[in-house]
Amino acid sequence: STMLTCKRMRSIVFASAIFLLLGIALETGVQTVSIGAPSVIPALLSALAAFSVFFAATLLAVTFLVSLLPGVARQLRECRH
């Protein structure tokens with residue numbers, strides 16, 4: 001059994017999309033609500049948003065690179081899209 005199956009690949013892509021949307025929603029919320037004086041909470045939420053977007057991109061990039069490995073690529077060719 002390989003470490004990246006069709007089902008796991010779909011789950012990773014879905015999780016990456018969730019993290020991306022979470023990051024966008026958090027940052028949009030911070031920018032919309034925190035119009036007043038600077039505070040620690042908006043800064044923490046903004047950092048969490050940046051981390052979420054970075055994590056989504058990293059997760060997708062690592063998954064893409066792993067899918068290029070010969071054994072994994074051979075098995076993923078059998079996936080139904």
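When reading the values below, keep in mind they use all heavy atoms of this one structure, side chains included, and skip hydrogens, waters and symmetry mates. Since the structure is predicted, the reported quantities are computational estimates derived from the model, not experimental observations.
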For Val40, the other hydrophobic cluster members (4.5 Å side-chain criterion, sorted by chain and number) are Leu44
Under 3.5 Å, which donor-acceptor pairs do the side chains of residues 11-27 form with other protein atoms, sequence neighbours left out?
{"from": "Ser11", "atom 1": "OG", "to": "Lys7", "atom 2": "O", "distance (Å)": "3.0"}
{"from": "Ser16", "atom 1": "OG", "to": "Ala56", "atom 2": "O", "distance (Å)": "2.9"}
{"from": "Glu27", "atom 1": "OE1", "to": "Ser46", "atom 2": "OG", "distance (Å)": "2.8"}
{"from": "Glu27", "atom 1": "OE2", "to": "Gln31", "atom 2": "NE2", "distance (Å)": "2.6"}

side-chain hydrogen bond (donor to acceptor under 3.5 Å, both in side chains) partners for Ser52, two or more places apart: none
For Leu65, give me all partners under side chain to side chain contact (heavy atoms under 4.5 Å, CB included), at least two apart in sequence or on another chain. Leu68
Determine, using the 4.5 Å side-chain heavy-atom cutoff (strictly less than), whether Val66 and Met9 are members of one ILVMFWY cluster. yes
